[in-house]
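The figures that follow rest on heavy atoms only: side chains count, while hydrogens, waters and symmetry mates do not. Not measured: the values here are computed from a predicted model. Letters go in sequence order (proteins before strands), and every chain restarts at 1.
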Amino acid sequence: MVPLSWYIILSAVVFSIGVVGFFTRRNLIMIFMSIELMLNSVNISLVAYSHYLQSMRGQVLVFFVIAVAAAEAAIGLAIIIAYYRNNPTIKVDEINLLKG
Amino acid sequence: MTAPQWFFAYFAGMITLLSVVMITRRNPVHGVLWMLVLFVHIAGLYLFLNAEFLAAIQIIVYAGAILVLFLFVIMLLNLKKELTVRKVQKHWVLGAAIGVIFALFVVTVVAGITVLPPLGEYSIEAIRSEGSIMTLGKVMYTKYLLPFEIASLVLLVAIVGAVVLAKKRI
């Protein structure tokens, strides 16, 4: 039997890798992929809790998280395309139109 | 270690390794392809946790739809120039430090987590007698019917919003 804490530790580690990617990468697409990674790590912990607590709630939540992630990816990538049309760059430190 | 623990160790090691590989690729296309392998491994972990439906959804929606969407957008943007410049931000050491501190903090907090009774009614035997998808569907269409309908609204907003944002002139 695998202890529950192993799953939660795995989830925390993958989430932190996503955080590192989010804070360090310069490419907007890679930042988006780090966000997807963080969502997935949370899904792992939700499914693990659902299994160990013998409840269906976690799996239902994961279903909604996946639906929201799909919506978020569609909207976010549309924003990237809309921005790229005006300023052909997706490096986050060069996206500073609102900077005073 | 027993066989399930070895199984978990393989998947956990691969998931951690692949996430590190994914966030360090310079070319976003390579990142997306490594992410595909990562998602297949996460789906394997879901199977291990008796969540067959979610494993299928993980492959179909994440690997099949979202990653293809990423690849399409990368194709639309001209990223030749991006491949030759610095791939990390100026203050990347600070960002990495935040991530590492966060990891240490969370891992020390959650390391001793155990499940306390009372357990729910969906034991492995109960799920197996009905089938995993049927059990999940019954819960989703009764107890979580309203969130389910709201999820459909969220997807509708995403469809309309993506078209409105990406269109040149409305």
Are B:Leu67 and B:Ile60 linked, directly or through intermediate hydrophobic residues, by side-chain heavy-atom contacts shorter than 4.5 Å (ILVMFWY only)?
no

Taking B:Phe72, B:Phe7, B:Tyr46, B:Trp92 one by one, which has the highest count of heavy-atom pairs under 4.5 Å against chain A?
B:Tyr46

Quick one: which of B:Val32, B:Leu54, B:Val107 has the most heavy-atom pairs under 4.5 Å with chain A, could you say?
B:Leu54

Hey, any chance B:Leu145 and A:Phe64 share a hydrophobic cluster, counting ILVMFWY side chains that come within less than 4.5 Å of each other, even indirectly?
yes

Under a 4.5 Å heavy-atom cut-off, does chain A meet the side chain of B:Ala65, its backbone, both or neither?
neither

Which answer fits B:Ile101, side chain, backbone, both or neither, if we ask what part of it has an atom under 4.5 Å from a heavy atom of chain A?
neither

In terms of heavy-atom pairs under 4.5 Å with chain A, which of B:Ile124, B:Val93, B:Val73 leads?
B:Val73

Can you say whether A:Glu36 sits under 4.5 Å from chain B via the side chain, the backbone, both, or neither, judging by heavy atoms?
both

Treating Ile, Leu, Val, Met, Phe, Trp and Tyr as nodes and any side-chain heavy-atom pair under 4.5 angstrom as an edge, say whether B:Tyr10 and B:Leu18 lie in one connected cluster.
yes

When the 4.5 angstrom heavy-atom criterion is applied to B:Tyr62 and chain A, the contacting part is side chain

B:Leu77 and A:Ile29: CA distance, side-chain angles, deciding distance, side-chain contact (heavy atoms from CB on, under 4.5 Å) verdict
CA-CA 10 Å; B:Leu77 311 177; A:Ile29 303 258; 4.0 Å; yes

Do you know which of B:Ser123, B:Pro4, B:Gly161 has the most heavy-atom pairs under 4.5 Å to chain A?
B:Ser123

Side chain, backbone, both or neither: which part of A:Tyr49 has a heavy atom under 4.5 Å from chain B?
side chain

Which region of B:Leu45, side chain (C-beta onward) or backbone (N, CA, C, O), has a non-hydrogen atom less than 4.5 Å from a non-hydrogen atom of chain A, or is it both or neither?
side chain

Note: B:Gly99 and A:Val20 closest approach over all heavy atoms is CA-CG2, 3.6 Å

Answer whether the closest heavy-atom distance between the side chains of B:Phe70 and A:Leu77 falls below 4.5 Å.
yes

Does any backbone or side-chain atom of A:Met56 lie under 4.5 Å from a heavy atom of chain B? Answer side chain, backbone, both or neither.
both

Nearest non-hydrogen partners of A:Met30 and B:Pro28, listed with the distance
SD-CA, 3.9 Å

Contact origin within B:Phe53 toward chain A - heavy atom pairs under 4.5 Å:
side chain

Between B:Asn50 and A:Val47, is there a side-chain heavy-atom distance shorter than 4.5 Å?
no

Which atoms of B:Ile127 are under 4.5 Å from chain A, going by heavy atoms: the side chain, the backbone, both sets, or neither?
side chain

Interchain contact, B:Ile66 with chain A, by part (heavy-atom threshold 4.5 Å):
side chain

Might you confirm whether atom CZ of B:Phe8 has over 12 heavy atoms from other residues, nucleotides or ligands at distances under 6.0 Å?
yes

Is B:Ile42 close to chain A through its backbone or its side chain, or both, or neither, when contacts mean heavy atoms under 4.5 Å?
side chain

With chain B as the partner, which of A:Asn27, A:Asp93, A:Leu37 has the greatest number of non-hydrogen pairs under 4.5 Å?
A:Leu37

Quick one: does A:Arg25's side chain have a donor or acceptor within less than 3.5 Å of a partner on B:Gln89's backbone?
no

For the residue pair A:Phe63 and B:Phe148, categorise the inter-ring angle as parallel (less than 30°), tilted (30 to 60°) or perpendicular (more than 60°).
parallel

Contact class of B:Ser19 relative to chain A, heavy atoms under 4.5 angstrom:
both

Residue from A:Val19, A:Ile17, A:Ile81, A:Leu4 scoring the most non-hydrogen pairs under 4.5 Å with chain B is A:Ile17

Can you tell which part of B:Val61 gets under 4.5 Å to a heavy atom of chain A, answering side chain, backbone, both or neither?
side chain

Honestly, the part of B:Ser152 sitting under 4.5 Å from a heavy atom of chain A is neither

Heavy-atom contact with chain B under 4.5 Å, split by part of A:Ile44
both

Is any side-chain heavy atom of A:Phe23 closer than 4.5 Å to a side-chain heavy atom of B:Phe102?
no

Highest number of heavy-atom pairs under 4.5 Å with chain B: which of A:Val13, A:Thr24, A:Asn43, A:Ile75?
A:Thr24

Which portion of B:Ile150 sits near chain A, non-hydrogen atoms under 4.5 angstrom:
neither

Run the numbers on A:Leu53 and B:Tyr122 for side-chain contact (heavy atoms from CB on, under 4.5 Å), then give the verdict.
CA-CA 8 Å; A:Leu53 288 169; B:Tyr122 296 101; over 6 Å; no

Contact origin within A:Tyr7 toward chain B - heavy atom pairs under 4.5 Å:
both

Within the structure provided, determine whether B:Gln5 and A:Val2 are in side-chain contact (heavy-atom separation under 4.5 Å).
yes

Begin from the C-alpha positions of A:Gln54 and B:Glu121 and carry the test side-chain contact (heavy atoms from CB on, under 4.5 Å) through to its verdict.
CA-CA 6 Å; A:Gln54 302 185 355; B:Glu121 54 189 311; over 6 Å; no

Passing option when A:Gln59 is tested against B:Thr135, B:Leu136, B:Ile57 for side chain to side chain contact (heavy atoms under 4.5 Å, CB included)
B:Leu136

Taking all atoms of both residues into account, what is the closest heavy-atom pair of B:Ile23 and A:Ser34, and its distance?
CG2-OG, 4.0 Å

Might you point out which heavy atoms bring A:Met33 and B:Met35 nearest each other, and give the distance in Å?
O-CE, 3.3 Å

Using every non-hydrogen atom in the two residues, find where A:Tyr52 and B:Leu49 come nearest and quote the distance to one decimal.
CE1-CD2, 4.1 Å

For B:Leu165 and A:Ala78, work out which heavy atoms get closest and say how close.
CB-CB, 3.9 Å

For the residue pair A:Arg57 and B:Val139, establish whether any side-chain heavy-atom pair is separated by less than 4.5 Å.
no

Using a cut-off of 6.0 Å, state whether more than 12 heavy atoms not belonging to A:Arg85 lie near its atom CZ.
yes

Linking I/L/V/M/F/W/Y whenever their side-chain heavy atoms sit closer than 4.5 Å, directly or via other members, would A:Leu46 and B:Leu119 fall into one cluster?
yes

Could you tell me which of B:Val110, B:Leu76, B:Val106 has the largest number of non-hydrogen atom pairs under 4.5 Å with chain A?
B:Val110

No-hydrogen, no-angle side-chain donor-acceptor test under 3.5 Å, B:Gln58 and A:Asn40:
yes

Flag the one option from A:Gly76, A:Ser55, A:Ala74 with the top tally of heavy-atom pairs under 4.5 Å to chain B.
A:Ala74

Consider only side-chain heavy atoms of I, L, V, M, F, W and Y, link residues closer than 4.5 Å, and tell whether B:Met140 and A:Val65 are in one cluster.
yes

